[in-house]
Enquirer: 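Input: one structure, supplied below.
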Amino acid sequence: MRSDIIKKGLERAPHRSLMKAMGYTDEEISRPLIGVAHAHNEIIPGHIHLDKILEAVKTGIRMAGGTPIAFATIGVCDGIAMGHTGMKYSLASREIIADSVEIMGMAHPFDAMVLIPNCDKIVPGMLMAMLRLNIPALMVSGGPMLTGRFRGQDTHLVTVFEGIGKVKSGQMDESELTELENAACPGCGSCAGLFTANSMNCLTEALGLGLPGNGTIPAVDAARIRLAKMAGMAVMDLLAKDIKPRDIATRQAFENAMAVDMALGCSTNTVLHIPAIAREAEVDLPLETFNEVSSRVPHVCSLIPGGSHSMQQLNEAGGVQAVMAELATLPDTINLEVMTATGRTMGENLKTAAVRDREIIKPAAAPYHKIGGIAILFGSLAPDGGAVKQSAVSPEMLVHSGPARVFDSEEEAQEAILGGQIQPGDVVVLRYLGPRGGPGMPEMLSPTSAIIGMGLGNSVALITDGRFSGGTQGACIGHVSPEAALGGPIALLREGDIIKINIKEHSLDMEVAEDELARRRQQWQPPEPRIKTGYAARYAKMVTSGSTGAVLKDS
């Protein structure tokens with residue numbers, strides 16, 4: 001066993017002594033040592049209950065003959081970090097999470113690991129570490145929050161963000177917003193809806209690195225506790241069979257995950273995280289692969305925020321497994337031969353999967369859209385690509401042309417939107433918000449929600465080299481690369497330039513003559529860093545483009 005290096009033989013007596021200082025018995029030390037990486041804290045609603053998930057995982061490990069050893073990592077609540085300097089640290093936290101789990105796994109040679117995340121950067125960060133370490137491992141999330149109820153309607157965090165615009169436009173008063181605020185987030189779990197956290201938890205299951213149910217069983221459901229115990233037992237089986245994460249996360253498995261991404265209409269943040277995770281698995285996954293998969297995979301679920309159905313309803317309809325089984329009725333969608341964390345192939349797992357509600361999971365032959373939920377756009381404004389959740393774009397905005405309204409900060413854009421300065425037909429451009437320029441590629445939930453709240457969702461587009469919350473809907477194109485801070489074309493835009501968007505044809509262009517662009521390029525100067533000290537400053541110097549997953553340079 002890998003842990004023998006710290007517990008067997010005469011020379012390891014000091015190591016065993018330190019283990020005994022914590023109360024471990026000789027019997028516990030002799031068993032396989034299973035690291036349990038968790039992100040329990042008291043600032044993220046998706047993590048407040050992870051101590052209970054942790055105890056369930058530890059129970060499962062002990063039931064199967066292992067010794068669980070828990071340790072924690074950090075996490076950022078994107079909702080609480082939204083709209084201020086804290087959001088610049090959100091994406092950047094992914095690398096710290098991955099590094100911290102890697103450090104713990106290398107310094108203390110566990111035989112296997114279970115990882116317990118639940119929110120936006122914690123899930124991909126832990127998956128990156130899992131694939132780096134490549135010891136038997138799997139993931140079990142804390143599960144999604146239930147939707148709230150407000151005056152007879154389902155509600156969630158994003159409706160509160162949108163409520164600000166409604167107050168500003170006179171559609172709601174402040175007392176109603178307070179009532180909504182009190183109802184929208186009814187308890188623990190990753191924010192209700194197919195936002196980034198729930199997208200990544202579903203894709204973990206589709207990738208095969210989480211057990212069936214990982215993505216959709218509600219946080220408050222007893223089935224979530226049972227799943228955590230099963231995960232503790234399952235890791236012992238993976239250890240016995242010597243099945244490692246890279247045995248599971250193959251190119252075919254990543255394409256399975258991307259197929260589910262398209263079928264569900266997941267957050268555009270998956271376009272950042274999937275390539276970053278694939279890189280750790282040593283799998284080549286070019287950005288164009290998203291369009292290739294999208295072209296052959298239908299969009300079969302209409303989930304919050306792009307649709308009306310909740311994560312709880314998706315779970316009741318059969319969850320991710322039912323979606324994959326439905327997709328498997330079409331050719332070239334789901335690879336059934338790949339290995340999974342159950343110790344069985346995907347095909348074996350899906351034998352018991354069934355769609356229980358055809359209103360929630362449409363037949364693959366009669367979907368909401370014949371193509372997948374995400375599109376990557378290329379063109380003179382985005383030579384290296386930009387990402388849009390096309391399943392959440394109204395039909396009239398799939399092709400749009402309008403004047404650029406250019407802002408170099410989120411605060412300026414938010415003030416203009418709420419101040420009534422943005423008109424139907426405009427294309428709002430937020431730049432210098434990429435991985436380097438932000439730094440940290442801050443999410444744009446406040447301005448996108450303000451556009452919806454102001455009633456402009458079907459007439460105004462928004463483009464940024466930053467990124468969007470999974471709660472975003474509308475013609476919102478993010479990750480535009482190269483970013484402005486690197487002198488990308490988005491840095492050369494001027495107020496009033498015409499921008500042409502054609503999501504149907506995967507194009508994003510600016511109508512500016514080449515000689516004029518050349519003149520502007522000569523005049524352009526890189527901006528001063530927004531943060532000049534500490535981790536965010538170091539991150540900005542080392543981070544790569546959004547088109548490569550915003551991973552850090554190797555040197």
Side-chain angles (χ1 to χ4, degrees), residues 39 41-48 74-94 118-124 144-145 148 155-168 177-178 180-182 184-185 189-200 267-269 272-273 304-305 389 392 407 409-418 428 430-435 437-454 457 462 464-474 476 478-479 530-531 536 539 546 550:
N41 58 58
E42 296 180 349
I43 191 62
I44 306 177
H47 291 200
I48 191 72
I74 64 165
V76 172
C77 178
D78 281 21
I80 295 174
M82 196 73 65
H84 58 90
T85 301
M87 181 44 68
K88 300 181 188 298
Y89 290 82
S90 173
L91 181 60
S93 74
R94 185 187 71 183
N118 208 33
C119 288
D120 294 25
K121 308 312 155 314
I122 299 88
V123 179
M145 183 186 295
T155 187
H156 46 83
L157 177 66
V158 176
T159 57
V160 185
F161 275 95
E162 293 170 356
I164 298 168
K166 290 182 178 180
V167 171
K168 291 283 187 179
L177 181 59
T178 300
L180 174 60
E181 169 191 329
N182 291 336
C185 300
S190 44
C191 292
L194 195 65
F195 311 142
T196 304
N198 290 327
S199 293
M200 290 308 303
S267 162
T268 51
N269 281 313
L272 285 175
H273 299 317
I304 295 168
K389 186 193 285 193
F407 302 94
S409 76
E410 181 181 354
E411 293 77 14
E412 292 172 359
Q414 182 79 343
E415 184 178 344
I417 295 164
L418 294 177
V428 177
L430 288 90
R431 63 187 182 186
Y432 295 105
L433 294 167
M441 224 176 172
E443 287 185 345
M444 301 290 121
L445 183 55
S446 293
T448 59
S449 297
I451 285 172
I452 298 296
M454 295 289 285
L462 195 153
T464 182
D465 54 3
R467 61 195 178 91
F468 296 114
S469 161
T472 296
Q473 55 180 307
C476 298
H479 313 183
R530 284 190 163 105
I531 298 178
Y539 175 87

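Keep in mind that what you see is a predicted model, and the values were worked out from it rather than measured.
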Enquirer: Can you name the residues that form a side chain to side chain donor-acceptor pair (under 3.5 Å) with Tyr432, not counting sequence neighbours?
Expert: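 By the side chain to side chain donor-acceptor pair (under 3.5 Å) rule, Tyr432 matches Trp524.
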Enquirer: Working to the nearest 0.5 Å, report the span between CE of Met145 and CG of Asn118.
Expert: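 Nearest 0.5 Å value for the CE-CG distance: 9.5 Å.
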Enquirer: Going by the rule side chain to side chain contact (heavy atoms under 4.5 Å, CB included), which residues pair with Ile452 if we only count those two or more places apart in sequence or in a different chain?
Expert: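 With neighbours one apart ignored, the set is Glu162, Gln473.
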Enquirer: The criterion is side chain to side chain contact (heavy atoms under 4.5 Å, CB included); which residues satisfy it with Pro442, sequence neighbours excluded?
Expert: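 By the side chain to side chain contact (heavy atoms under 4.5 Å, CB included) rule, Pro442 matches Met87, Leu433, Met444.
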Enquirer: Apply side chain to side chain donor-acceptor pair (under 3.5 Å) to Thr159 and list each qualifying residue two or more places apart in sequence or on a separate chain.
Expert: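 For Thr159, the residues satisfying side chain to side chain donor-acceptor pair (under 3.5 Å) (neighbours in sequence not counted) are Thr155.
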Enquirer: Taking atom CD1 of Ile43 as the centre, does the number of heavy atoms from other residues, nucleotides or ligands within less than 6.0 Å exceed 12?
Expert: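 Atom CD1 in Ile43 is not crowded, with 12 or fewer foreign heavy atoms closer than 6.0 Å.
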Enquirer: Would the distance check show the side chain of Asp120 and the main-chain N or O of Cys77 forming a donor-acceptor pair, the cut-off being under 3.5 Å?
Expert: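 Absent.
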Enquirer: Just jot down the side chain to side chain contact (heavy atoms under 4.5 Å, CB included) partners of Ile304, sequence neighbours excluded, or say none.
Expert: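 Ile304 satisfies side chain to side chain contact (heavy atoms under 4.5 Å, CB included) with Thr147, His156, Phe195, Ser310 once adjacent residues are dropped.
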Enquirer: Residues two or more places apart in sequence or in another chain: which of them pass side chain to side chain donor-acceptor pair (under 3.5 Å) with Asn198?
Expert: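 Expected list: Ser190.
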Enquirer: If the condition is salt bridge (Lys or Arg N to Asp or Glu O under 4.0 Å), which residues does Arg94 pass it with, not counting sequence neighbours?
Expert: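 Testing Arg94 for salt bridge (Lys or Arg N to Asp or Glu O under 4.0 Å), a comparison that skips the adjacent residues, returns none.
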Enquirer: Is it true that a side-chain atom of Lys389 and a backbone atom of Thr268 form a donor plus acceptor pair closer than 3.5 Å?
Expert: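 Here the side-chain-to-backbone pair does not exist.
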Enquirer: For Asp78, what residues pass the side chain to side chain donor-acceptor pair (under 3.5 Å) criterion, not counting sequence neighbours?
Expert: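 Partners of Asp78 under the side chain to side chain donor-acceptor pair (under 3.5 Å) test: Ser90, Lys121.
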Enquirer: Partners of Phe407 by side chain to side chain contact (heavy atoms under 4.5 Å, CB included), sequence neighbours excluded?
Expert: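 Phe407 satisfies side chain to side chain contact (heavy atoms under 4.5 Å, CB included) with Arg405, Glu412, Ala413, Ala416, Ile422, Val428 only.
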Enquirer: Under the 3.5 angstrom rule, does the side chain of Ser267 hit a backbone N or O of Ser199 as a donor-acceptor pair?
Expert: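 It does not hold such a pair.
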Enquirer: Please indicate whether Lys88 has more than 12 foreign heavy atoms, meaning atoms of other residues, nucleotides or ligands, lying under 6.0 Å from its NZ.
Expert: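 Enclosed.
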Enquirer: Tell me which pairs pass salt bridge (Lys or Arg N to Asp or Glu O under 4.0 Å) where either residue lies in residues 437-447, with sequence neighbours left out.
Expert: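 Checked against salt bridge (Lys or Arg N to Asp or Glu O under 4.0 Å) - neighbours excluded - the pairs reaching residues 437-447 are Glu443-Arg467.
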Enquirer: Holding to ring-ring contact (aromatic ring centres under 6.0 Å, His included), I want the full list of residues that pass it with His47, two or more places apart in sequence or in another chain.
Expert: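 In terms of ring-ring contact (aromatic ring centres under 6.0 Å, His included), with neighbours along the sequence ignored, His47 is linked to no residue.
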